[in-house]
Amino acid sequence: MSETQTPETNYRDTVIRRVPADTSPQQIAEIVESDGGVILTRFFTEDQVQRFNTEIDPHLENLSPAGSPDKIDILEDFHGANTKRLTNVVTHSKTFREEMLQDPRILAIADALLLPIADSYQMTAAQVIEIGPGNKPQPLHRDLENWPIFRELGPNVYNVTINFLTALTDFSEENGATRVIPGSSHWDDYENRGTPEETFPALLDAGDILLIDGKVSHGGGENKTSDEYRRAMAWSFTIGWLTSEEAHAFLVPLDLVRTLPPKIQNILGFRSFHNASKEGGTLWQANFDDIAKYLDLQ
Ligand SMILES: O=C(O)CCC(=O)C(=O)O
Ligand SMILES: [Fe+2]
């Protein structure tokens, strides 16, 4: 149990620290580097959450609750038997595209955490995750395991990915709040993902964000209710020199992309990834030039 626990505060509020949404990006980055995650309270307004939910509702309705079409055992487990997962959220939601993704606070936090190791970053995925009644706990994992070599490299590796897990309904321990093992980012052996007993639930209100790095062990919680649906969006940014989970550059229509600012176009893979400050090459180019030029983006 954390040393910061005091009789007046619930341990759950101290073990995953909670800070207001207007906390400085530097402070947020420091907490994430220390604990592996932090809760940013009241980040998005009720109105934003409500509009977002309304925009994605029809898309979710059309989805099967079988997690994903993947028939590989570990992915079936990972994606859940009664969980809906909606991808390509940039295309589906105007509120996400124009407000959440362009929120200067989000970009400043991502800058603080990712620009020290690369000159540009991308959104590897934006996925709505609706955990339904009876769904088992998701296996504990670190998000950097998407690129498994990092598992072998362990805690001394740079943090290459961050996840802004946003609550779209209130999270409770019973309905499947994400579970986190704070500090597991510093464990020596990344083959060790910890045990359910070591986890703490991220108790969020709709609009709060659980921001985690790629190094902390966590997983979606079990939904023990008979009638509640826990809805979240996991949207993750990774440095530009890793392949992203979602191929946004092939999924988001170019006409839509033309309406977005250059930094967002870059985040979606419609501009090249630079590494000049580290004396690295430019990646994802066309004829040695920025693909934005090839695509005639302004
Ligand atoms: O649904 C959740 O609470 C966790 C999702 C997650 O860990 C992920 O998408 O990487
Ligand atoms: Fe995860």
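Read the numbers this way: they start at 1 and go in the same order the structure lists the ligands and their atoms. The structure presented is a predicted model; accordingly, all values stated were derived computationally and were not measured.
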Considering all heavy atoms, the nearest Gln127-Glu246 contact: N-OE2, 4.5 Å
Can you sort out which atoms of ligand 1 are near [X], meaning under 4.0 Å from one of its heavy atoms?
{"X": "Thr178", "value": "2 (C), 3 (O)"}
{"X": "Ile129", "value": "1 (O), 5 (C), 9 (O)"}
{"X": "His218", "value": "6 (C), 7 (O), 10 (O)"}
{"X": "Ala234", "value": "9 (O)"}
{"X": "Gln138", "value": "4 (C), 5 (C), 6 (C), 7 (O)"}
{"X": "Gly220", "value": "2 (C), 3 (O), 4 (C)"}

Among Ile, Leu, Val, Met, Phe, Trp and Tyr joined by side-chain contacts under 4.5 Å, find the other residues sharing a cluster with Phe288 and list them by chain and number. none
To which residues is Trp187 joined in a hydrophobic cluster, defined by side-chain heavy-atom contacts under 4.5 Å among Ile, Leu, Val, Met, Phe, Trp and Tyr, whether direct or through other members? Leu140, Ile181
Please test Phe164 against Phe237 for ring-ring contact (aromatic ring centres under 6.0 Å, His included), starting from the C-alpha separation and ending with a verdict. CA-CA 8 Å; Phe164 290 94; Phe237 292 160; 5.8 Å; yes
Starting at [atom1] of [X], measure out to [atom2] of [Y] and round the result to the nearest 0.5 Å.
{"X": "Arg230", "Y": "Thr225", "atom1": "CZ", "atom2": "OG1", "result": "11.5 Å"}
{"X": "His248", "Y": "Thr124", "atom1": "NE2", "atom2": "OG1", "result": "8.0 Å"}
{"X": "Asp143", "Y": "Ser217", "atom1": "CG", "atom2": "OG", "result": "10.0 Å"}

Which residues share a side-chain contact (heavy atoms from CB on, under 4.5 Å) with Lys278, sequence neighbours left out: none
Tyr190 ring centre to Arg142 NZ or CZ under 6.0 Å, with the angle to the axis within 45°? yes
Return the residue, atom name and 0.1 Å-rounded distance of the protein heavy atom closest to atom 10 (O) of ligand 1. Asp143 OD1, 3.0 Å
Only one of Met123, His274, Gln122, Arg271 passes side-chain contact (heavy atoms from CB on, under 4.5 Å) with Asn266, and that residue is Arg271
So is His141 in contact with ligand 1, going by heavy-atom distances below 4.0 Å? yes
Protein-derived N, O or S atoms lying less than 2.8 Å from the Fe ion (ligand 2), waters not counted, sum to 3
Under 4.0 Å between heavy atoms, the region of Arg230 that gets near ligand 1 turns out to be side chain
